[in-house]
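Following: one structure in structure tokens, then a few remarks.
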Amino acid sequence: MITSKAEIVELVISVLLLSLSAILLNLNVESDLVNTMYFKTISFHPLFSVISLLSEFYICIVLSIVFFVYYRGRGKGGASLLGLILALAITYLAKEAISRPRPELFYSSHDSFPSGHLSGITSTFRPFINSRLKALLFTSLIVLVGVSRIGLGAHYPSDVLAGLSIGLLSSLSVRILMRLK
């Protein structure tokens, strides 16, 4: 059961972001934005590549396992690992169901929608946001990952918004389920 105003706000924000990503996906107006951002941020591409590498799913898995072991499978560590597993499963199913190709600037055989980088990094770190400083740090990291994915031409903005929503909703779901036991 949702027990705090913060969780209700997080749920509403997640649903709104997911709705916005669906609208953008259906309008198909994002190609010009991705092309413009790609060429305007070309000097940042080495930094974007490092940020994207740090948010790869296997890095998130290793971090979640470390958190799980450190917290002895309870609380934040368990929420991080279980949230990540749920987020990756939903992301995989959505990629298969929607099968949206990546922007033309980015070669990859993997589908674009939703962003696995965003769903992974968000679900991995969301359980640890319990102060304003951590909220600022982790939110900055998540925003940098999103900007880097669009800036590299790997994703459309709707992919990033959907990945963020999946990560938030997965993390929230796991935290609620863990309280029920």
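- Of all the heavy atoms in Ser173 and Leu86, the pair that sits closest is CB-CD2, 4.2 Å.
- The structure places CG of Leu88 at 5.5 Å from CD1 of Ile61, a figure rounded to the nearest 0.5 Å.
- With hydrogens and angles disregarded, no donor-acceptor distance shorter than 3.5 Å links the side chain of Lys76 to the backbone of Tyr71.
- Under the side-chain contact (heavy atoms from CB on, under 4.5 Å) criterion, Ser80 pairs with Ser64, Phe67, Thr124, Pro127, Phe128, not counting sequence neighbours.
- Side-chain contact between Lys134 and Thr139: absent, with no pair of heavy atoms (C-beta onward) separated by less than 4.5 Å.
- No path of Ile, Leu, Val, Met, Phe, Trp and Tyr side chains, each step under 4.5 Å between heavy atoms, connects Leu169 with Leu93, placing them in separate hydrophobic clusters.
- Atoms CD1 and CZ, from Ile129 and Phe138 in turn, are 6.5 Å apart once rounded to the nearest 0.5 Å.
- Closest non-hydrogen pair, Gly151 versus His45, comes out as O-NE2, 3.0 Å.
- Phe68 and Tyr58 fall within a single hydrophobic cluster, where Ile, Leu, Val, Met, Phe, Trp and Tyr are joined by side-chain heavy atoms under 4.5 Å apart, directly or via other members.
- Leu136 belongs to no hydrophobic cluster with other residues, because no ILVMFWY side-chain heavy atom falls under 4.5 Å from its own, directly or through intermediates.
- Looking at Leu144 and Phe48, their side chains never come closer than 4.5 Å, going by heavy atoms from C-beta outward.
- In this structure, the side-chain contact (heavy atoms from CB on, under 4.5 Å) partners of Ile59, at least two apart in sequence or on a different chain, are Glu56, Leu63.
- Each of Ser140, Ser52, Ser55 was checked for a side chain to side chain contact (heavy atoms under 4.5 Å, CB included) with Val145, and the lone residue meeting it is Ser55.
- In this structure, the separation between CG on Leu168 and OG1 on Thr122 is 5.5 Å, given to the nearest 0.5 Å.
- Residues forming a ring-ring contact (aromatic ring centres under 6.0 Å, His included) with Tyr92 (at least two apart in sequence, or on another chain): none.
- In this structure, the separation between CD1 on Ile51 and CZ on Arg149 is 11.0 Å, given to the nearest 0.5 Å.
- Every residue meeting the side-chain contact (heavy atoms from CB on, under 4.5 Å) condition with Ser119, not counting sequence neighbours, appears here in chain and number order: Ala87, Thr91, Ile166.
- Smallest separation of non-hydrogen atoms from Ala79 and Arg175: CB-CG, 4.2 Å.
- Taken from CZ in Phe125 to CG in Leu84, the straight-line distance is 10.5 Å, to the nearest 0.5 Å.
- Under a hydrophobic-cluster definition in which Ile, Leu, Val, Met, Phe, Trp and Tyr are linked whenever side-chain heavy atoms come within less than 4.5 Å, directly or via other members, Ile85 and Val62 are assigned to different clusters.
- Connection of Leu54 to Ile142 is not established within any shared hydrophobic cluster, with ILVMFWY side chains joined at heavy-atom distances below 4.5 Å, either directly or through further cluster members.
- Between the side chains of Ser170 and Ser123, no donor-acceptor pair of N or O atoms lies under 3.5 Å.
- The ring-ring contact (aromatic ring centres under 6.0 Å, His included) check on Phe57 picks up nothing, with sequence neighbours excluded.
- If you take OG on Ser115 and CD1 on Ile121, they are separated by 10.5 Å, rounding to the nearest 0.5 Å.
- Under the 4.5 Å side-chain heavy-atom criterion for ILVMFWY residues, a single connected hydrophobic cluster contains both Leu47 and Val160.
- Minimum interatomic distance between Arg126 and Ser171 (heavy atoms only, all atoms of both residues): CG-OG, 3.2 Å.
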